[in-house]
Amino acid sequence: MTLTETKNAFIQLGKFLSQFALDANHKNPEVLHNEEFYDRFIALIALSRSHNGWYTEEQVYFSVNSWAEALTPENLDKWLAPYDLTNSGGKTVGLILAGNIPLVGFHDFLSVLITGHTALVKTSSNDQHLLPFLAQYLIAVQPVIRERIIFTDGKLEDFDAVIATGSNNTARYFEYYFKDRPSIIRKNRNSVAVLTGHETHEELVGLGEDIFRYFGLGCRNVSKLFVPKGYDFKDFFAAIYHYKDVIFYEKYANNYDYNKAVFLMSNFKLLDNEFLTLKEDNGYASPISSVFYEFYDNIDDVRQRLGAEHEQLQCIVGSGVMQGSIPFGQTQKPALWDYADNVDTIAFLSKI
């Protein structure tokens, strides 16, 4: 199976996914295999919350839309242009996927197949249905790809390399277990925003998207704010009021009540708007429904600290005050070439 054939299969998948949206689904008669997959996918999205309570239809549709936008001929060509994949392929790559947000492991799955390898996939128990369904669609488009997609519920066996995603604790296990194989081992990471106090209302609304999308469960969600000394949070709270309905989701509300109670019993001083708490804290990993913040006197000190602690960070959000920062509201819309942990997956896979 050639690279062109594999790319075309994913392009057709992108066209299939482009039919689905939270406000309205639009069946396109030109999309391949709709008779078999269109209604089934709508039903699967509707059932996702029963498979994982955090996978509301809104969150699943957002993920689906993001991948529909990514899987275009232009994006795939731009992504792969820097690489020589002439001699790539032929190996079996084990994938141990996370399940914190819908289709979080799709990029690794795509990368393995696009480089000509076989994907041996162990899905998370929290996300066992979406990726196998999309794999079925790829097989319908290009039947020969069936030979290069294997899902397993058990222990990974007979593989040449591995990409594993987990917590810092599981990463230590992965590093030991896979020490004799080429590997990418992903650990906990968090995202931060650096504010200057001059942000527009629209930028702060975008920051709310970075905080609340997927209920804050992703490593690309902002969990920590750096703000100038004396910063007034009034404008921040006014902007994120746009996301107030998050508190009506029971699982989020339970986390809000619990974490707020824990903070208050520990006599921590909080800023609170009844659906998000802000706590002054040096750490990065705030719990769901809370964001940490830290004051700074000099922006250069923040730059130096974030540079020194880059291995703990996934994204830095801001209006250009930090090198490589992401604009407000864009953390959950990574391009194909925006690699997790800044590890070039295609370069790794092309050399194993």
Side-chain angles (χ1 to χ4, degrees), residues 3-4 6-34 37-38 41-42 44-45 48 55-83 97-98 100-115 127 130-131 133-138 140-142 191 202-203 205-215 217-222 314-315 317 324-340 344-346:
L3 173 59
T4 299
T6 305
K7 283 169 58 177
N8 182 65
F10 280 101
I11 290 168
Q12 296 305 320
L13 176 61
K15 292 178 180 178
F16 173 75
L17 296 178
S18 69
Q19 302 173 108
F20 305 97
L22 180 64
D23 54 349
N25 296 308
H26 299 284
K27 191 172 186 178
N28 182 349
E30 296 182 0
V31 171
L32 301 177
H33 304 291
N34 261 345
F37 290 95
Y38 181 85
F41 195 51
I42 293 174
L44 178 59
I45 294 174
S48 290
Y55 284 19
T56 64
E57 289 192 35
E58 177 184 355
Q59 307 301 348
V60 176
Y61 274 116
F62 183 89
S63 178
V64 167
N65 297 158
S66 297
W67 281 111
E69 293 173 4
L71 295 175
T72 66
E74 297 77 15
N75 285 334
L76 287 165
D77 288 342
K78 180 178 179 179
W79 176 37
L80 299 175
Y83 307 98
L97 306 183
N100 50 321
I101 65 176
L103 292 171
V104 67
F106 185 84
H107 192 277
D108 288 336
F109 176 76
L110 163 64
S111 298
V112 169
L113 294 179
I114 211 75
T115 51
D127 191 2
L130 292 170
L131 184 58
F133 184 92
L134 299 189
Q136 291 176 27
Y137 185 84
L138 289 170
V141 172
Q142 191 61 258
S191 296
E202 290 72 21
E203 286 177 323
V205 171
L207 175 58
E209 171 72 12
D210 298 327
I211 292 171
F212 293 107
R213 175 58 61 192
Y214 301 125
F215 301 106
L217 289 165
C219 63
R220 300 182 69 90
N221 285 105
V222 168
Q314 192 66 259
C315 304
V317 178
S325 62
I326 297 173
F328 294 102
Q330 298 300 308
T331 61
Q332 297 298 345
K333 297 180 179 180
L336 293 172
W337 45 89
D338 292 329
Y339 293 107
D344 190 325
T345 315
I346 298 296

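Glu203 places no side-chain N or O within donor-acceptor distance of the main-chain N or O of Phe328, the cut-off being under 3.5 Å. Judged purely by atom type and a 3.5 angstrom limit, Thr331 uses its side chain to pair as donor or acceptor with the backbone of Arg220. Asp108 contributes no side-chain N or O that, together with a main-chain N or O of Gly105, makes up a donor-acceptor pair within less than 3.5 Å. Distance alone, capped at 3.5 Å, is enough to place a donor-acceptor pair between the Asp338 side chain and the Ala335 backbone. Using a distance-only test at 3.5 Å, with no hydrogens or angles considered, a donor-acceptor pair links the side chain of Asn75 to the main chain of Glu69. For Asp210 (side chain) and Gln330 (main-chain N/O), a donor-acceptor pair under 3.5 Å exists by modelled atom type. A donor-acceptor contact shorter than 3.5 Å links the side chain of Ser191 to the backbone of Cys219. Using modelled atom types, one side-chain atom of Asp127 and one backbone atom of Leu103 make a donor-acceptor pair closer than 3.5 Å. At least one donor-acceptor pair under 3.5 Å links the side chain of Asn34 to the backbone N or O of Asn28.
Inter-residue side-chain proximity for Val104 and Leu97 is flagged as unmet; no heavy-atom pair is nearer than 4.5 Å. Under the 4.5 Å side-chain criterion, counting only non-hydrogen atoms from C-beta, Gln142 is not in contact with Phe10. The side-chain heavy atoms of Leu134 and Leu17, taken from C-beta on, include a pair separated by under 4.5 Å. Leu138 has its side chain within reach of Phe109: a pair of non-hydrogen atoms, C-beta onward, lies under 4.5 Å apart. Side-chain contact between Ser63 and Tyr214 is present, with heavy atoms from C-beta onward closer than 4.5 Å. Looking at Tyr38 and Asn25, their side chains come closer than 4.5 Å, going by heavy atoms from C-beta outward. Side-chain contact between Arg213 and Asn221: present, with at least one pair of heavy atoms (C-beta onward) separated by less than 4.5 Å. Within the 4.5 Å cutoff, side-chain heavy atoms of Leu80 are placed close to those of Lys7.
Distance CD/Gln59 to CG/Leu22: 9.5 Å, rounded to 0.5 Å. Here CZ of Phe106 is found 12.0 Å from OG of Ser66. Values are rounded to the nearest 0.5 Å. To the nearest 0.5 Å, the span separating CG on Asn8 from CG on Leu13 amounts to 11.0 Å. Atoms OG1 and CG, from Thr72 and Leu336 in turn, are 7.5 Å apart once rounded to the nearest 0.5 Å.
Between Gly14 and Leu71, the shortest heavy-atom distance links the atoms CA-CB, 3.8 Å. Counting all heavy atoms, side chain and backbone alike, Ala140 lies closest to Phe37 at CB-CE1, 3.6 Å. Heavy-atom minimum distance, Tyr137 versus His33: CE1-CB, 4.0 Å. The minimum heavy-atom distance linking Asn100 with Leu217 is given by the pair ND2-O, 3.1 Å. Shown here for Val31 and Lys15, the closest heavy-atom pair between the two residues is CG2-O, 3.8 Å. Here the closest heavy-atom approach between residue Ala9 and residue Val141 is recorded as CA-CG1, 3.9 Å.
Crowding of Lys78 atom NZ: a count of heavy atoms from other residues, nucleotides or ligands under 6.0 Å not exceeding 12.
Under the 30°/60° scheme for interplanar angles, the aromatic rings of Phe16 and Phe41 are found to be tilted.
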Steps toward side-chain contact (heavy atoms from CB on, under 4.5 Å) verdict (Tyr83, Ile114): CA-CA 12 Å; Tyr83 307 98; Ile114 211 75; over 6 Å; no
Audit row: Tyr61, Asp23, side-chain contact (heavy atoms from CB on, under 4.5 Å) steps and yes/no: CA-CA 10 Å; Tyr61 274 116; Asp23 54 349; over 6 Å; no
